[in-house]
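First comes the structure, then the notes that go with it.
Position 1 is the first residue of the sequence, and the numbers go up from there.
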Amino acid sequence: MELFKALPLGAILTLVVALPIGSQGSKGGQLSIFRAELYQYDFYWSWPLFLGGTALAWGIMMLQR
């Protein structure tokens with residue numbers, strides 16, 4: 001159950017970190033930030049950052065059990 005709670009937190013962390021880095025034109029090195037398009041909306045996304053943020057949130061939630 002904690003994993004499902006951690007997924008939105010990982011997405012929020014990814015959007016908050018990838019937006020300033022991607023909007024400056026940088027790829028973020030190991031983060032590999034790219035511009036994604038969903039319908040008419042463009043946003044910056046990073047799968048490694050999403051997985052790392054989700055794992056971090058999941059670990060913190062597991063420690064609180």
Supply the members, apart from L15, of the Ile/Leu/Val/Met/Phe/Trp/Tyr cluster built from side-chain contacts under 4.5 Å; use none for a lone residue. F4, L7, F34, L38, Y39, F43, W45, W47, F50, L51
Single-linkage hydrophobic cluster, 4.5 Å side-chain cutoff, L13 and Y44 together: yes
Under 3.5 Å, side chain of S46 to main-chain N/O of L31, donor-acceptor pair present? yes
Heavy atoms only: give me the nearest P8-K5 pair and the separation to one decimal. CD-O, 3.4 Å
Correct closest heavy-atom pair for I33 and G28 would be CD1-CA, 4.5 Å
For a quick test of reading the model, state the closest non-hydrogen atom pair linking Q30 to P48 and the distance between them. O-CG, 4.0 Å
Are V17 and L19 co-members of a hydrophobic cluster defined by side-chain heavy atoms under 4.5 Å apart? yes
Donor-acceptor pair, side chain of T14 and main chain of G10, under 3.5 angstrom: yes
According to salt bridge (charged side-chain N to carboxylate O under 4.0 Å, His left out), does anything in residues 56-65 pair up with another residue at least two apart or in another chain? List the pairs. E2-R65
If a pair satisfies salt bridge (charged side-chain N to carboxylate O under 4.0 Å, His left out) and one of its residues is in residues 13-23, list it, with sequence neighbours excluded. none
Test applied, side chain to side chain contact (heavy atoms under 4.5 Å, CB included); reference residue, W58; option that passes from L3, L63, L9: L3
